[in-house]
Each structure stands twice: as C-alpha cells, then as structure tokens.
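Input: a single structure, listed below in structure tokens.
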Amino acid sequence: MEAAFAEMPLALFSTLAPLGAGAFVALAAAFLAADLSDDQLKKIDKMTAIPVVLVLAGFVAAFFHLASPLNAFGVFAGVGTSPLSNEVAVGCVFVVLMLAYWIWALTGKMGRGARKGMAVVVAVAALVFAAFTGLAYLMDTIASWNTPAVPLQMMGYCLAGGAAAGVLVLGLAGCGEALGTSPLKVTLIVLAIAGAVIGIGAAAMQLSAASGMATPFYAGGDLVDGVMMTFVLGAVCLAASAVCTVLAVRGKSAAALGGAATVLAFVGILCLRLAFYGIQLSVGLALLP
C-alpha cells in the first residue's frame with residue numbers, strides 16, 4: 001500500500017472531483033422532475049457551493065502531484081493525443097460550465113427553462129469528465145490499469161457519490177418533500193444503486209484480472225492481497241452510502257442522511273481509489289502469463 005499512499009493527491013482528485021461533479025447530475029434530475037418553488041431554488045443555489053467546493057478541492061489536490069505547479073501548463077500540449085491531457089482539458093471545460101451555471105443561478109436572473117437546459121449541459125459534462133478521468137489510466141505500460149473497467153469505475157463513483165451529494169444539497173435546501181415525489185425519487189434511487197453496483201463491480205473485475213498477472217518483479221496476486229482490506233472497506237462504505245441515499249429520498253431526514261451518504265461515499269471511493277493505485281503492475285520488459 002506504500003505505492004498507493006504515494007499517489008494520495010491523485011486519489012483525492014479522482015475521489016472529490018467526480019463525486020462533486022456527479023451532484024450536478026442529481027440536481028439536473030431534480031430540476032426536470034420536481035416542482036420546486038422560487039424560494040427552494042434560491043436555497044439550492046446557495047447549497048450548490050458544496051459540490052462546487054468538492055470539485056475545486058479535487059483539482060487543488062491534483063496540483064500537489066506535480067513537481068512544480070508550472071508543469072500544469074505543459075499538460076495541455078498533448079490534447080488530442082495524450083489521455084492525461086484530454087482528461088485535464090475536459091475537466092477544465094466542465095469546471096468552466098459548472099461555475100458559469102452556478103454564478104448565473106446565484107444572480108437570481110436565470111429563468112426556469114434556462115436553468116433546466118444549463119443543468120442538463122453541466123450534468124452531461126460531468127459524466128464525460130468522469131469517463132475521461134478513467135480513460136487517462138488506460139496505458140499499455142501498466143497492464144493492471146489497462147482495462148475498460150477503469151473508466152466504468154469512475155462513472156459508477158460519479159453517479160453514486162453524486163446522488164449522495166445531490167440529496168445533501170436538496171435536503172439542506174428544505175426540499176425533503178420534493179425528494180419523495182415519484183419521478184425524482186425513482187431517478188435518485190437508480191443513480192445511487194446503479195452507481196454503487198457499477199463502481200464496486202468494475203473495481204472487483206479489475207482486481208480479479210490483476211490477480212492473474214505477473215511481471216519478472218511483481219506478482220499481481222500479491223498486490224491484490226495487499227489491497228484487499230482497503231477494497232472491502234471501500235465497497236462496504238460505498239454500498240452503505242447508497243443505502244443512506246435511498247432512505248433519504250424515501251422521506252427519512254434528507255439532510256442528515258444525505259450528509260452521512262456523502263461522507264460514506266467519500267470514504268468508500270477514496271478507499272477504492274487507493275486500492276486501485278495499490279495494484280499498479282507495470283509491464284516492464286515482459287508480462288508473464
């Protein structure tokens with residue numbers, strides 16, 4: 001696990017940023033499916049500071065991975081050819097859209113139609129950003145990461161964590177009754193459960209594949225054994241987060257359970273990300289069967 005903790009800045013980035021981004025998927029669902037009052041919308045806009053801070057904190061954490069912050073500008077040189085550059089570029093586009101939406105909403109001059117349209121655009125950008133965060137790790141030189149299960153994991157974490165954070169925002173904004181309305185309730189339950197199943201399932205698939213790999217220097221099975229407790233803890237926390245989200249939308253103290261769900265999602269996703277970094281199996285000169 002030493003290698004995993006050495007990647008803590010990236011682990012925090014790939015936990016906080018997709019989690020916060022996913023909240024905008026839940027908020028878009030709320031604007032489309034629930035009949036919210038003007039007062040509720042104002043409160044939601046204020047509470048949207050929570051996912052915004054989560055996303056920005058994730059990007060700040062990523063800068064600590066660089067030897068020098070000035071190196072960040074060099075990342076853009078590979079846009080179109082480098083998965084990492086593509087991730088950063090897509091992430092920046094999402095952040096600009098997110099801030100533009102939020103600032104506009106805070107002015108109180110955003111019409112309901114514009115709100116719905118802009119919220120959908122930001123939600124789609126959030127999902128694309130999560131996918132590209134996973135795609136950045138697909139590289140031939142690290143066999144244990146070079147699998148479609150990685151971007152699939154990130155999509156799952158974005159949906160499950162985002163549902164939790166979205167419920168927290170809506171709960172703090174006094175929208176508990178709106179959460180119980182059928183279209184929105186069903187949507188958030190699907191996002192939470194499907195996200196957890198996809199995230200945990202894809203992570204398990206990756207660990208299973210990595211356990212059968214080996215290089216002249218490392219055995220994949222040994223690396224998987226070393227991260228198994230972290231993986232189990234992450235899976236349990238993410239599943240518990242989904243349960244809290246489901247209870248919250250069924251009318252069980254949305255703000256409190258939404259807060260618990262968000263904390264559990266953060267801990268769960270972070271543990272799963274640390275497990276991911278702990279099975280870094282570089283090909284080196286040869287990959288043994």
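Everything numeric in this text was worked out from a predicted model, so none of it was measured. Residues: numbered from 1 along the sequence shown.
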Between the side chain of Ser144 and the main-chain N/O of Ile279, is any donor-acceptor distance below 3.5 Å? yes
Residue list, side-chain contact (heavy atoms from CB on, under 4.5 Å) with Met205, at least two apart or on another chain: none
Got a second to check how far Leu170's CG is from Leu188's CG, nearest 0.5 Å? 7.0 Å
Any side-chain heavy-atom pair from Val227 and Leu207 closer than 4.5 angstrom? yes
Verify, without hydrogens or angle tests, whether Ser241 (side chain) and Ala261 (backbone) share a donor-acceptor contact under 3.5 angstrom. yes
For Cys175 and Leu36, work out which heavy atoms get closest and say how close. SG-CD2, 4.1 Å
So do Ile189 and Lys185 actually touch side chain to side chain, heavy atoms under 4.5 Å? yes
Taking Ala11's backbone N and O only, do any of them form a donor-acceptor pair with Thr15's side chain (distance below 3.5 Å, no angle check)? yes
So CG of Leu135 and CZ of Phe132: to nearest 0.5 Å the spacing works out to 6.0 Å
Which pairs, with at least one residue in residues 114-132 and sequence neighbours excluded, count as a salt bridge (Lys or Arg N to Asp or Glu O under 4.0 Å)? Asp45-Arg115
List, by chain and then residue number, the residues other than Ile198 in its hydrophobic cluster (Ile/Leu/Val/Met/Phe/Trp/Tyr, side-chain heavy atoms under 4.5 Å); write none if there are no others. Leu152
In short, salt bridge (Lys or Arg N to Asp or Glu O under 4.0 Å) pairs touching residues 14-38 with sequence neighbours left out are Asp38-Arg112
Has Ser208 got a side-chain atom pairing as donor or acceptor with Ala204's backbone, closer than 3.5 angstrom? no
Whether Tyr101 and Phe24 hold their rings parallel, tilted or perpendicular, with breakpoints at 30° and 60°: perpendicular
Would the distance check show the side chain of Gln206 and the main-chain N or O of Phe276 forming a donor-acceptor pair, the cut-off being under 3.5 Å? no
So does Ala164 get a backbone contact from the side chain of Thr262, meaning a donor-acceptor N/O pair under 3.5 Å? yes
Sorted by chain and residue number, the salt bridge (charged side-chain N to carboxylate O under 4.0 Å, His left out) partners of Asp39 (sequence neighbours excluded) come out as Lys43
Within 45 degrees of the ring normal and closer than 6.0 Å to the centroid, is that where the cationic atom of Arg273 sits relative to Phe231? no
Hey, quick one: are Phe129 and Leu56 part of the same hydrophobic cluster, counting side-chain heavy atoms closer than 4.5 Å, chains of contacts allowed? yes
The remaining residues in the hydrophobic cluster of Leu264, counting side-chain heavy-atom contacts under 4.5 Å among Ile, Leu, Val, Met, Phe, Trp and Tyr, are none
